[in-house]
Protein chains: 2
Amino acid sequence: MSASKATGEPTIDDVAAAAGVSIRTVSRVLNKSPKVNENTRRSIEAVIAQLNFRPSRGARALAMRRSLLIGLVHNDQNALVLDTIQRGIAGVASRSGYELVVHSCPAEDSGVIEDLVAFAERSRVDGLVVLPPVSGVPGLAQALNRIPVMAVALSSIPLSGFADVVVSEERQAGSDVARYLLELGHRSIGMVNGPVGVASAQERRAGFVGAVASEPNASLIEAAGDYSFEYGVLAAEQLLAATPRPTAIFAANDIMAAGVLKVAARLRIAVPEELSIVGFDGSALTRMLTPALTSVLRPFGAMAATAAETLIARIEGKDLPPAGSHPLELVPAESTGPAPV
Amino acid sequence: MSASKATGEPTIDDVAAAAGVSIRTVSRVLNKSPKVNENTRRSIEAVIAQLNFRPSRGARALAMRRSLLIGLVHNDQNALVLDTIQRGIAGVASRSGYELVVHSCPAEDSGVIEDLVAFAERSRVDGLVVLPPVSGVPGLAQALNRIPVMAVALSSIPLSGFADVVVSEERQAGSDVARYLLELGHRSIGMVNGPVGVASAQERRAGFVGAVASEPNASLIEAAGDYSFEYGVLAAEQLLAATPRPTAIFAANDIMAAGVLKVAARLRIAVPEELSIVGFDGSALTRMLTPALTSVLRPFGAMAATAAETLIARIEGKDLPPAGSHPLELVPAESTGPAPV
DNA sequence: TACGCCATTGCCAGCGCTGGCACAAGTCGA
DNA sequence: TCGACTTGTGCCAGCGCTGGCAATGGCGTA
């Protein structure tokens, strides 16, 4: 009954004793139950603050049959925005009493599902947030059907089998980029695509391709990509060897755009005078490159927060309107300019 | 007694029943206790595999009076290497039954300690790994004295008050960079320093400054920095306005080096013909810049793994020899060359 | 005045696991 | 052959918390 039986930490019993109520009432306060008298609540809260009491996560998890943990799964393709995303999720999660457990996927495709399932079972998280390109792995949703899973930044194409995805307006953004380049006078345009399995990349592409096609004089060449810098380099070498050489290239993420920029420098093609380059993500990288990269800003923090909110609602069995879509914003910088005459 | 009382998950009781032993013996197998007969162990492991049983983290934590959670604290200065570090920690942790909980610190200095203490109490992690520059916050070690804390990438200077730090050979690396630049013929040299509170940055600086000073004809100008890109830009503007203008600049991390590169481009100073630039960290950024950045590769994954191993040993009360130091490697790339004549 | 109802609060029984013993069985030297 | 060990296993008692009731007290209403 007295203070801190084993660990030295105060327990709910200590709080109850000090406040002169039963532990059940303290528990109600902790869980924000409405069935507690306002005065009682206040006095208990005062005792909690005074004792610096924190409920034991383990005991709570055991009694509630939940772990109060949310998992985040990603791989290093997201390195540049990982912090933003983690912050977005952790903020929402901690407000609801959850903590964020992260797991990096192996880089290779093979074994991703096994690895993820093992992680989910081992860590006993209550729900999972998955970032692309991991979320594009076929069969993932099925393999993880024991717990709620949210995918961030997938498009509205229900390709992936996930019940819940946080969407952003990829198609619109793709067509925005195309129109921007067309208005600058570009007619010979290249595109470095994102991974085939990632739906958002496909929507982005669809928006871009559609808008370019609407201009009769414009031609488009595409190259495959997987979001990696190396692939950006490869794709750029391919595109810049084409005849006629593109005067503008849209890369599906900033990292591949950096690869394009790198190749342009090596080939002594002036950016933006001879070649305009547009990236995607609006990551910190855009500022660091020379010239600074024109890119499409994706609100990763907000998207992650939305994902976390929806996920927690699902875990707790609440109904929440489906997450609305997030707008994307084209941010012009130094890497784009009028088409050369 | 029968299967899966509440959550549908198999419990240790199910395993014990199926294997025809008591739950205590199953528990011993789970905890790798040596006091189990080899045959018994094998048959229990078979049942565990067959039932796909995973011990409940909550129950385990409650009974062991530990959360089996390790916290990682960082802020976005580490964005580029965050994934590597998380992977390094998570790998070691999961092998020992721990999971990694991450927390991003607020960017502003004020309130970092309060935020961290709140996180540590709320999440009930068993131990914490702290990355710089967060680890350089004065008073942090004292505030977190309830749980073991490891700091990664601090130097051997016991400035910070942490009992355990994973060190790397910062001083040596600093002097390596200096000698490298001196051998290339540079005599007018600039340095963009790291944050004042971060001991590793100070050691690095000491090694660099000392080695430059050993060359009688060499002169050094320094500028303050805080690891951010913006500060790299500011520092570069300052250094490149000096007379005589430095022919080489060493930045305390890659991100600030990117800022220097940016300013050089803006001022139309050719790199490396007129100005050599050396970064620090060996992050992915080095490849993405043009010219590719000469940098010092820090083995973040290995350092993180060492930190995790030592931390877990401390949590479990084991004795472990203090973490050895990690060597750093200068990796020449395109941003450095002979001093202009 | 008696009854039913609502707002609060307390009691009991676990959640699934591990620590500390006690105990059964086998081993060995005297 | 017997006690003294060693090895392997089982039993009991929680760890700190929450869920489902039952219990309490105050009040309006018939």
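In what follows, every chain begins at residue 1, and chains take the letters A, B, ... in the order their sequences are listed.
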Any non-hydrogen side-chain atom of C105(A) less than 4.5 Å from a side-chain atom of L116(A)?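 Yes; the side chains approach each other to less than 4.5 Å.
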Do the non-hydrogen side-chain atoms of L30(B) and I48(B) ever get within less than 4.5 Å of each other?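 Heavy-atom side-chain distance check passes, below 4.5 Å.
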Out of [options], which has the shortest distance to the side chain of [X]?
{"X": "L62(A)", "options": "dG16(D), dG10(C), dT18(D)", "result": "dG16(D)"}
{"X": "T25(B)", "options": "dT9(C), dC17(D), dT9(D)", "result": "dT9(D)"}
{"X": "S22(A)", "options": "dC11(C), dC17(D), dT9(D)", "result": "dC11(C)"}
{"X": "I12(B)", "options": "dG16(C), dG14(C), dG10(D)", "result": "dG16(C)"}

Nearest heavy-atom neighbours spanning A16(A) and S22(A):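 Shortest heavy-atom separation between A16(A) and S22(A) comes out as CB-C, 3.8 Å.
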Exercise: identify the closest heavy-atom pair between F53(B) and T11(B):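 That would be CE1-C, 3.4 Å.
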Whether E45(B) and R42(B) form a salt bridge (side-chain N of Lys/Arg under 4.0 Å from carboxylate O of Asp/Glu) is what I want to check.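 No salt bridge links R42(B) with E45(B).
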Separation of atom [atom1] in [X] from atom [atom2] in [N], rounded to whole Å:
{"X": "E38(A)", "N": "dT9(C)", "atom1": "CD", "atom2": "C1'", "value": "16 Å"}
{"X": "D126(B)", "N": "dC15(D)", "atom1": "CG", "atom2": "P", "value": "18 Å"}
{"X": "L30(A)", "N": "dG19(D)", "atom1": "CG", "atom2": "P", "value": "11 Å"}
{"X": "I23(B)", "N": "dG14(D)", "atom1": "CD1", "atom2": "P", "value": "15 Å"}
{"X": "R42(B)", "N": "dG8(D)", "atom1": "CZ", "atom2": "C1'", "value": "16 Å"}
{"X": "E316(B)", "N": "dG19(C)", "atom1": "CD", "atom2": "P", "value": "11 Å"}
{"X": "D13(A)", "N": "dT18(D)", "atom1": "CG", "atom2": "C1'", "value": "13 Å"}
{"X": "N37(A)", "N": "dG10(C)", "atom1": "CG", "atom2": "C1'", "value": "15 Å"}

Position toward the 5' end of DNA chain C (nearest nucleotide), R54(B) or K35(B): R54(B)
If the cut-off is 4.0 Å, is R65(A) near the phosphate of dT18(D), judged by side-chain N/O to OP1 or OP2?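 Indeed not, no polar side-chain atom of R65(A) lies that close.
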Is there a side-chain polar atom (N or O) of S27(A) under 4.0 Å from OP1 or OP2 of dT18(D)?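 Yes, such a contact exists.
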What about R24(A): does its side chain form a donor-acceptor pair under 3.5 Å with the base of dG19(D)? yes
Return yes if the base of dG10(C) and the side-chain atoms of R28(A) contain a donor-acceptor N/O pair under 3.5 Å, otherwise no. yes
Have a look at V21(A) and say if it touches a base, only the backbone sugar-phosphate, or nothing, with a 4.0 Å heavy-atom cut-off.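 The residue V21(A) makes sugar-phosphate contact but no base contact.
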Assert: residue with more 5' nearest nucleotide on DNA chain D, out of G20(B) and F53(A), is G20(B)
